[in-house]
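Step one of this worksheet: look at the structure below.
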Amino acid sequence: MIDRISRVLPDLRDDELPVFIRFIMGRIFPDWSPEKLGIGPNLLYEGVAYVAGTRKEDVVERINRTGDVGRAVEELLGKKEQTSFFAEDLALLDVYRDLTSIAKTGGTRSQREKLRVVRRLFSNARPLEGRYLARIMLEDLRIGVGEGNVREAIARAFSVDPYLVEHAFQAKNDLGEVALLAKAGEERLREVRIAPFHPVKMMLAQQGSIASAIAENGEMAAEYKYDGSRFQFHKEGGTCRMYSRRLEEVTDALPDIVEMLQRATDHDVILDGEVIAIRGDRPLPFQNVLRRFRRKHDVASLREEIRMVPNVFDILYLDGGTLIGLPLSERRARLQEVVTDHIAPQVVSDDPGEIGKMYEDALAAGHEGLMLKVPGSPYTPGVRGKNWIKVKPEVDTLDLAVIGAEWGEGKRAHVFGSFLLACQDEGVLIPLSKVATGFSDEQLQEMHALLADHVVSQSGKEVQFEPFLVVEAGYSEIQKSPNYAGGFALRFPRFVRIRDDKDIAEIETLESIRERYFRQPGSGS
């Protein structure tokens, strides 16, 4: 796969290269871009039905039969009289321009205009093109191409150091743009720096314990683990913007946080931190924070209702310079020099007793636990590694994607009663477990409201979703299982909470599931 991709890339024009890269990864726009396609499965089905000369219900029925929107579209277009198709050949950039126009369409006529463009695209698509066009529109290409494959293919295609491709990707957060730089040569990749108002992925942590972290690394930097939402604060001159963990701009939803951080520094910065909701001296649950992040209107009233405070724990950029390659200890020193307030407390020690005391203090204060960080480690955007360790009382939880469900029974017959959850393996979603416990009636209503417009197929009581929603699930044990494609299943899974601050790309990997399995007592080798 890497070899095939690498052979194609050098022959693409500069304007085609970034589009091709995003498309083969099942994306239309860069992760940091605010542009979203804004069409759901139903509008896509309507467009296909019109072109294929059938009813929307027939499209849905065929999708239910095949279990794959792309293959169903391919079959439907294949049955249509060929003479009525292919008024124009589909070219890569023409498709991209049409999809971009859909994303930009708004106002009262937006659905009608989007449907018109969708119809035109499918009317010009050959059956096989229709398969992948439908999947691209749903951003689920199903060909198993992940970021790692594409990074390697770019390096091979343009004979550049894979490390430089990774370096540029961490700053640009767009492999399409990185491919263009690689085509221009290694020097262009070396020159890449992060910049204000171009958010980068946030560094991630893996679970562990105080004892094992100190045993492996010695001295560790300990900070509170907050039950809030990550943010990235960008400031250049008098302009400030806030971004969520999913790199969506949330400046308008958090004007109070923006004001606090703007007052806290006179420098141009990119800061990493977590915002929490508080009442008195106690933090409120995570869902209170999400209410603010989701809010688009009437922010002022909710601002009075929910008091928010930022906790800054890292600095990635300062006055024109990128800091992510510096050790954490140096970044912390810079942070304390240029930010006057809202810096998260930190203790650096190799004494398990001292860090254990901070852990107990964190729990007593209402926080989730501790973050342990290697003082000499760089900041690695988007990477979940051993340099950041999270320590919580209940460590057995996973962030997983919701890919399917079954309708409930009895009084819950009008909502989904259980959900199929998946981990990922190089961009492919791998079913791992069903979860039906841990939900209140209100939470089931919320899940239904979030997912109802994203159903792509239904067979009896079972439905399949366009993957976009992440949930946190608890479990008692990971077991080997022949019933799921990845070979593992969760024992006694339970719903913990919705994590709509997280993107599908951040869910647990099959590799980490395997590692957790072998770390369990008695799992063997």
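Nothing fancy with the numbering, it's 1 onward along the sequence.
Within the 3.5 Å criterion, the main-chain N or O of Val8 finds no donor-acceptor partner in the side chain of Asp11. Although no hydrogens or angles enter the test, the distance criterion places no donor-acceptor pair under 3.5 Å between the side chain of Ser512 and the main chain of Glu508. Panel note: side chain Thr251, backbone Met242; a donor-acceptor pair is recorded below 3.5 Å. Of the possible polar contacts, one joining the Gln443 side chain to the Ser440 backbone as a donor-acceptor pair under 3.5 Å is found. For Glu16 (side chain) and Arg13 (main-chain N/O), a donor-acceptor pair under 3.5 Å exists by modelled atom type. Distance alone, capped at 3.5 Å, is enough to place a donor-acceptor pair between the Arg230 side chain and the Met203 backbone. Looking only at distances, no side-chain donor or acceptor of Ser33 sits under 3.5 Å from a matching main-chain atom of Phe29. A donor-acceptor pair is defined here as one N or O able to donate and one able to accept, closer than 3.5 Å; no such pair exists between the side chain of Lys235 and the backbone of Val258. No donor-acceptor pair under 3.5 Å is formed between the side chain of Thr322 and the backbone N or O of Ile324. No donor-acceptor pair under 3.5 Å is formed between the side chain of Lys56 and the backbone N or O of Tyr50.
For Glu409, the CD atom sits in a loose shell: 12 or fewer heavy atoms of surrounding residues, nucleotides or ligands are nearer than 6.0 Å. Counting non-hydrogen atoms of neighbouring residues, nucleotides and ligands closer than 6.0 angstrom, the NZ atom of Lys104 reaches no more than 12 such neighbours. Dense packing is recorded around CD of Gln206, with more than 12 heavy atoms of other residues, nucleotides or ligands lying under 6.0 Å away. Within 6.0 Å of the CZ atom in Arg188, the count of heavy atoms belonging to other residues, nucleotides or ligands does not exceed 12.
Asp500 places none of its side-chain heavy atoms less than 4.5 Å from the side chain of Val470. You'll find the side chain of Leu141 stays beyond 4.5 Å of the side chain of Val145, heavy atoms only.
Evaluation of the ring-ring contact (aromatic ring centres under 6.0 Å, His included) rule for Tyr45 yields no partner, not counting sequence neighbours. In this view, Trp407 and Phe416, His448 satisfy the ring-ring contact (aromatic ring centres under 6.0 Å, His included) rule, not counting sequence neighbours.
Ion pairing between Arg412 and Asp441 holds under the 4.0 Å rule for side-chain N and carboxylate O. Using a cutoff of 4.0 Å between basic side-chain nitrogens and carboxylate oxygens, Arg71 and Glu75 are not scored as salt-bridged. Classification of Arg131 and Asp68 as a salt-bridged pair fails, no side-chain N sitting under 4.0 Å from a carboxylate O. Residues Arg135 and Asp140 are not paired through a salt bridge, judged by the lack of any N-O separation under 4.0 Å between the basic side chain and the carboxylate. Salt bridge absent: Glu472 and Arg494 never bring a charged side-chain N and a carboxylate O closer than 4.0 Å. A salt bridge links Arg7 with Asp3; the closest basic N to acidic carboxylate O contact falls under 4.0 Å. With salt bridges taken as basic N to acidic carboxylate O contacts below 4.0 Å, none links Glu506 and Arg246. Between Glu166 and Arg151 there is a salt bridge, with a side-chain nitrogen of the basic residue lying less than 4.0 Å from a carboxylate oxygen of the acidic one.
For Gln232 and His234, the side-chain atoms include at least one donor-acceptor pair closer than 3.5 Å.
Across every non-hydrogen atom of Trp388 and Asp314, the tightest pair is CZ2-OD2, 3.7 Å. Of all the heavy atoms in Gly144 and Val428, the pair that sits closest is CA-CG2, 3.2 Å.
When Glu46, Lys114, Gln111 are each tested for a side-chain contact (heavy atoms from CB on, under 4.5 Å) with Ile39, only one passes: Lys114. The salt bridge (charged side-chain N to carboxylate O under 4.0 Å, His left out) test with Asp174 is passed by exactly one of Lys201, Arg22, Arg27: Arg22.
Remark: Arg497 CZ to Glu446 CD distance equals 13.0 Å, nearest 0.5 Å. Between the NZ atom in Lys36 and the CD atom in Glu248 there is a gap of 5.5 Å [rounded to 0.5 Å].
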*asked:* side-chain contact (heavy atoms from CB on, under 4.5 Å), that's the test. Do Asp227 and Ile276 meet it? Break it down for me.
replied: CA-CA 7 Å; Asp227 189 16; Ile276 61 173; 5.9 Å; no
Checking side chain to side chain donor-acceptor pair (under 3.5 Å) for the pair His198/Glu177: CA distance, chi angles, key distance, verdict?
-> CA-CA 13 Å; His198 190 130; Glu177 188 176 353; 4.7 Å; no
Would you sort out whether Ile63 and Val73 count as a side-chain contact (heavy atoms from CB on, under 4.5 Å), showing the intermediate values? CA-CA 8 Å; Ile63 291 169; Val73 170; 5.7 Å; no
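Within the 6.0 Å centre-distance limit, the rings of Phe439 and Phe419 are counted as a close aromatic pair.
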